[in-house]
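Notes follow the structure.
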Amino acid sequence: MAEADAVALAVVETVELGRVRLRDAQPLVGEVAVTFEIKRAPAKPPELAPGDSALLLLRGARSPYVLVDRSSEIIRLEGPEEWPTWRSAVRALLGSAGRADALLAIYETWIDGPSEGLRQEALRGLRDPSSPFQPLPATFAEGRVAVATDPSVDTARRSASAFAAGLSPSGAPLLLARMPGDAESALAEVLSVALVRAPRSPDARDAVLRSLHHESPEIRRTALPHTSGFADDPEVVAALDRIASADPDDEARALAERILRRVRREGRRR
């Protein structure tokens, strides 16, 4: 946004060798004509096709513009029905004026909102080390952990909240301490995110052990691939052996058997 001379919503009309022509443009920043063109580099063409709807960040005083975004960063939308959502998002960013607290609040709103596209943009923004709110405050992590572990919240919001919490120095251990949760609150997607964000830590080891003994076969299956970092831990190996020999879930039993074979094979090599 800071690098753009103009921002517009538009529909791709044609894609040619050196140009992409767009129509039905709605400018959000700067002045953009209803139809305009962007330059298309043959070596790195934008990932746009006729009929695509997109939010475009443009550089230049007039058409043909150059895209600020790399090809992989272009925000493609399902259609004009999504435009009001993204128009509001751009206005919110402009209104934040780069203030750390305002920007962080916007990202939280996107995580908790219905738009999956904005949710992913929020997570990308939270990963940016140059963002003005870095390092993420402990209160942010605590709030995201609360959402991630709330059984009344939908899976997309819980998973994204777990990922966001793991980006905070204090968030990963706080999240792991509550993993996997009881039968009502445990969610495999959240457990997976939590274990990926903090592999091989003591907190992860304890979360893995609790998960291997959990009543949900999905939770046990999710934890099994994360045991490789604790192959020398007697308690972890004993839990693997129990699942491999007696777990009522066929998939968990087969996966534990494969992991045990690998652990024993690697043990003989040492």
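Computed from a prediction, not measured in an experiment: that's the story for all the values here.
Between Arg220 and Glu215, no side-chain nitrogen of the basic residue sits less than 4.0 Å from a carboxylate oxygen of the acidic one, so the salt-bridge criterion is not met. Using a cutoff of 4.0 Å between basic side-chain nitrogens and carboxylate oxygens, Glu16 and Arg19 are not scored as salt-bridged. Ion pairing of Glu189 with Arg158 is absent here, as no side-chain N (NZ or NE/NH1/NH2) approaches a carboxylate O to less than 4.0 Å. The existence of a salt bridge linking Asp112 and Arg144 is confirmed by a sub-4.0 Å separation between a basic side-chain nitrogen and an acidic carboxylate oxygen. Taking 4.0 Å as the cut-off between side-chain N and carboxylate O, Glu116 and Arg119 count as a salt-bridged pair. In summary, Arg76 and Asp52 do not engage in a salt bridge, as defined by a charged side-chain N under 4.0 Å from a carboxylate O.
Between Leu212 and Thr227, the closest heavy-atom pair is CD1-CG2, 3.9 Å. In terms of heavy-atom proximity, Ile74 sits nearest to Pro46 at CD1-CB, 3.6 Å. Considering every non-hydrogen atom in both Arg21 and Thr35, the closest pair reads NH2-OG1, 3.6 Å. Looking at every heavy atom in both residues, Ala223 comes nearest to Leu195 through CA-CD1, 4.4 Å. Annotation for Ala160 and Leu123: closest pair O-CD2, 3.6 Å, computed over non-hydrogen atoms. When all heavy atoms are compared, the tightest approach of Ala102 to Ser96 is CB-CB, 3.9 Å.
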Open item on the list: For Leu57 and Asp5: C-alpha separation, side-chain torsions, deciding distance, then whether side chain to side chain contact (heavy atoms under 4.5 Å, CB included) applies.
Closed with: CA-CA 8 Å; Leu57 277 63; Asp5 296 310; over 6 Å; no
- [ ] Decide salt bridge (charged side-chain N to carboxylate O under 4.0 Å, His left out) for Glu218 and Arg221; before the verdict, give the C-alpha distance in whole Å, the side-chain angles of both, and the deciding distance to 0.1 Å.
- [x] CA-CA 5 Å; Glu218 187 177 14; Arg221 290 195 301 267; 5.3 Å; no
TODO: Apply side chain to side chain contact (heavy atoms under 4.5 Å, CB included) to Glu142 and Leu174, showing your working.
DONE: CA-CA 8 Å; Glu142 291 166 3; Leu174 190 63; 3.7 Å; yes
TODO: Could you go through the side chain to side chain contact (heavy atoms under 4.5 Å, CB included) check for Leu9 and Ser53 one step at a time?
DONE: CA-CA 7 Å; Leu9 293 157; Ser53 182; 5.9 Å; no
- [ ] Show your reasoning for whether side chain to side chain contact (heavy atoms under 4.5 Å, CB included) applies to Met179 and Val190.
- [x] CA-CA 8 Å; Met179 289 296 102; Val190 170; 3.7 Å; yes
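For Glu78, the CD atom counts as loosely surrounded, since its 6.0 Å shell holds 12 or fewer non-hydrogen atoms of other residues, nucleotides or ligands.
Put simply, CD on Glu13 and CD on Glu37 are 9.5 Å apart, with the number rounded to the nearest 0.5 Å. Distance check: Glu81 CD to Leu77 CG gives 9.0 Å after rounding to the nearest 0.5 Å. Considering OG of Ser88 and CG of Leu93, their distance stands at 11.0 Å, rounded to 0.5 Å. Interatomic distance, CG of Asp206 versus OG of Ser211, reported as 10.5 Å (0.5 Å rounding). Here Leu191 contributes atom CG and Ser159 contributes atom OG; the two are 10.5 Å apart, rounded to the nearest 0.5 Å. Here Thr149 contributes atom OG1 and Leu175 contributes atom CG; the two are 7.5 Å apart, rounded to the nearest 0.5 Å.
A donor-acceptor pair is defined here as one N or O able to donate and one able to accept, closer than 3.5 Å; such a pair exists between the side chain of Gln134 and the backbone of Leu126. In this structure, the side chain of Ser192 does not engage the main chain of Ala188 through any donor-acceptor pair within 3.5 Å. Between the side chain of His214 and the backbone N or O of Leu209, no donor-acceptor pair lies under 3.5 Å. Remark: side-chain polar atoms of Ser168 are not paired, donor with acceptor, to backbone N or O of Ala165 under 3.5 angstrom. In this structure, the side chain of Ser115 engages the main chain of Leu118 through a donor-acceptor pair within 3.5 Å. Looking at Ser161, its side chain never comes within 3.5 Å of a backbone N or O of Val145 through a donor-acceptor pair. A donor-acceptor contact shorter than 3.5 Å is absent between the side chain of Arg23 and the backbone of Val11.
Ile219 and Val153 are not part of a single hydrophobic cluster, where members link through side-chain heavy atoms under 4.5 Å apart. Leu103 is connected to Ile111 through a chain of hydrophobic side-chain contacts under 4.5 Å among Ile, Leu, Val, Met, Phe, Trp and Tyr, so both are in one cluster. Cluster annotation: Val236 and Leu176 are assigned to the same hydrophobic cluster (Ile/Leu/Val/Met/Phe/Trp/Tyr, side-chain heavy-atom contacts under 4.5 Å, transitive). The cluster map of Ile, Leu, Val, Met, Phe, Trp and Tyr, joined by side-chain heavy atoms under 4.5 Å apart, puts Leu67 and Leu28 in different clusters. Leu58 and Met1 sit in two unconnected hydrophobic clusters of ILVMFWY residues. Membership requires side-chain heavy atoms under 4.5 Å apart, directly or through other members.
Within the structure, ring pair (Phe, Tyr, Trp, His ring centres under 6.0 Å) contacts touching residues 133-163 (residues at least two apart or in different chains) are Tyr107-Phe133. Within the structure, ring pair (Phe, Tyr, Trp, His ring centres under 6.0 Å) contacts touching residues 10-66 (residues at least two apart or in different chains) are Phe36-Tyr65.
Residues Leu104 and Pro137 have side chains in contact (heavy-atom distance under 4.5 Å, counting atoms from C-beta outward). You'll find the side chain of Pro64 stays beyond 4.5 Å of the side chain of Arg40, heavy atoms only. Put simply, the side chain of Leu224 reaches to within 4.5 Å of the side chain of Leu240, judged on heavy atoms. With a 4.5 Å cut-off on side-chain heavy atoms, Trp86 and Glu121 count as touching.
A side-chain N or O of Ser152 and one of Asp150 form a donor-acceptor pair less than 3.5 Å apart.
Applying side-chain contact (heavy atoms from CB on, under 4.5 Å) to Leu260 and the options Val237, Leu255, Ile243 leaves one that passes, Val237. Of the listed residues (Thr14, Leu56, Val15), just one forms a side-chain contact (heavy atoms from CB on, under 4.5 Å) with Val20, and that residue is Val15.
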